[in-house]
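For reference, the structure is listed below as structure tokens.
The sequence lines fix the lettering, A, B, ..., with proteins before strands; numbering per chain opens at 1.
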Number of protein chains: 2
Amino acid sequence: MFLSTTINGVDAKGRVSVPAGFRAVVKNDPEEKIYVWPSFEGGYLEGGGQALLDRYLNLLEEMDPYDDARAAFEQTIFGDTRGLAFDGTGRVTLPKDLIEHAGLDSKAAFVGLGSRFEIWNPDRLAERKANARDFARENKKSLRLPPRTGGGA
Amino acid sequence: MFLSTTINGVDAKGRVSVPAGFRAVVKNDPEEKIYVWPSFEGGYLEGGGQALLDRYLNLLEEMDPYDDARAAFEQTIFGDTRGLAFDGTGRVTLPKDLIEHAGLDSKAAFVGLGSRFEIWNPDRLAERKANARDFARENKKSLRLPPRTGGGA
DNA sequence: TTGTTTCCCATGCTGTCCCATGTTATCCCA
DNA sequence: TGGGATAACATGGGACAGCATGGGAAACAA
């Protein structure tokens with residue numbers, strides 16, 4: 001499970017250390033890689049392991065083959081997704097276009113979100129985090145825990 | 001089940017003994033860890049075991065991948081959650097940012113709340129406790145027993 | 001050749017592990 | 001019921017390994 005937020009340096013070659021905890025998640029994937037694509041919602045990157053890609057694939061399989069939305073999602077998500085392999089010390093090299101999309105300069109923030117993660121310019125992240133926290137606080141009542149199995153109503 | 005309140009010392013490295021009773025709760029989790037995040041409601045920490053995290057994860061999985069509310073909660077909960085493993089003597093190391101958020105100096109109070117727990121600076125906790133007691137006294141009339149089923153008028 | 005990318009080696013640091021010790025609670029026996 | 005032995009718990013410090021980072025050499029593409 002991808003957890004917590006870690007800020008690592010991006011060097012002149014576009015290399016960045018993937019947090020050790022994140023590497024551990026994909027450790028047993030057939031291809032030891034992370035998969036990253038530019039978010040179509042904003043200037044940041046989304047990513048995950050093989051399991052996440054499989055889930056998206058299954059979601060799309062259930063849509064109508066000639067649905068316009070399906071084509072759009074396929075194009076947007078899979079079309080721009082890169083599989084990034086680790087070097088000997090656990091780093092990946094981010095392609096230029098991804099770096100530009102996320103507006104990364106010297107630092108990159110890896111944000112764990114359970115089954116997936118995001119990569120942000122730390123400054124942009126701080127902004128969005130404040131918004132998300134306010135939203136969460138105002139809407140916390142909608143985040144109710146489901147009853148525990150076997151537990152009373 | 002997390003029960004009762006225990007105050008333990010926090011040393012210069014940020015290490016703190018997790019109360020033995022709390023450790024027993026997560027004893028049989030696949031990863032023997034506690035998961036801790038800064039509360040977005042105030043200056044203290046919230047935490048639980050794998051079971052609690054899974055409940056949040058399942059709840060979010062049921063929401064649409066690009067629902068705004070989902071994004072906000074993912075970011076707020078998982079983005080700041082840390083998985084903390086025990087050392088040989090049952091301690092965890094609290095990261096600096098969590099220590100700061102909770103304003104911990106030399107002591108930390110673990111407060112058991114059933115399925116989850118909180119970690120407080122003991123001074124802040126005493127303050128909140130006093131407030132809660134006052135609130136309870138002023139609102140005691142609203143604490144009514146539900147009518148007994150099948151009972152007479 | 002020239003620029004780009006990939007691989008490898010070296011280094012500082014932070015977090016983790018291990019060992020030692022005092023204290024408290026519990027259990028057993030008189 | 002009281003006292004002592006024992007085990008569990010909490011705490012402190014030091015050693016070590018893993019992690020993040022920087023630079024350079026070799027392989028590849030244009």
What pairs of nitrogen or oxygen atoms, one from the protein and one from nucleotides 20-27 of chain D, lie under 3.5 Å apart?
unit_1 : atom_1 : unit_2  : atom_2 : d
D:dA20 : OP1    : A:Ala20 : N      : 3.4
D:dA20 : OP2    : A:Arg23 : NH1    : 3.2
D:dT21 : OP1    : A:Gly9  : N      : 3.0
D:dT21 : OP2    : A:Gly9  : N      : 3.1
D:dG22 : N7     : A:Arg91 : NH1    : 3.1
D:dG22 : O6     : A:Arg91 : NH2    : 2.9
D:dG23 : N7     : A:Arg15 : NH2    : 3.2
D:dG23 : O6     : A:Arg15 : NH1    : 2.7
D:dG23 : O6     : A:Arg15 : NH2    : 3.4
D:dG24 : O6     : A:Lys13 : NZ     : 2.1

What is the distance, to the nearest angstrom, from the [atom1] atom on [X] to the [atom2] atom on [N]?
X	N	atom1	atom2	answer
A:Asp97	C:dT4	CG	P	15 Å
B:Ile99	C:dT14	CD1	P	15 Å
A:Phe86	D:dG18	CZ	C1'	16 Å
B:Asp87	C:dA20	CG	C1'	14 Å
A:Leu84	C:dC7	CG	C1'	16 Å
A:Leu94	C:dT5	CG	C1'	14 Å

*Any salt bridge between A:Glu100 and A:Lys96, counting N to O under 4.0 Å?*
no

*Check ion pair B:Arg82-B:Asp97 (N to O, under 4.0 angstrom)*: yes

*Verify, without hydrogens or angle tests, whether A:Asn8 (side chain) and A:Val16 (backbone) share a donor-acceptor contact under 3.5 angstrom.*
no

*Taking B:Thr93 for its side chain and B:Gly14 for its backbone only, find out whether a donor-acceptor pair lies under 3.5 Å.*
no

Show me the side-chain donor-acceptor pairs of residues 41-52 of chain B shorter than 3.5 Å, one per line, residues at least two apart or across chains.
unit_1  : atom_1 : unit_2   : atom_2 : d
B:Glu41 : OE1    : A:Lys140 : NZ     : 2.7
B:Glu41 : OE2    : A:Lys140 : NZ     : 3.0
B:Tyr44 : OH     : B:Ser39  : OG     : 3.3
B:Glu46 : OE1    : B:Arg116 : NH1    : 3.2
B:Glu46 : OE2    : B:Ser39  : OG     : 3.2
B:Gln50 : OE1    : B:Tyr35  : OH     : 3.0
B:Gln50 : NE2    : B:Asp54  : OD1    : 3.1

*asked:* Counting C-beta onward and ignoring hydrogens, is there a side-chain heavy-atom pair between A:Arg137 and A:Asp134 closer than 4.5 Å?
replied: yes

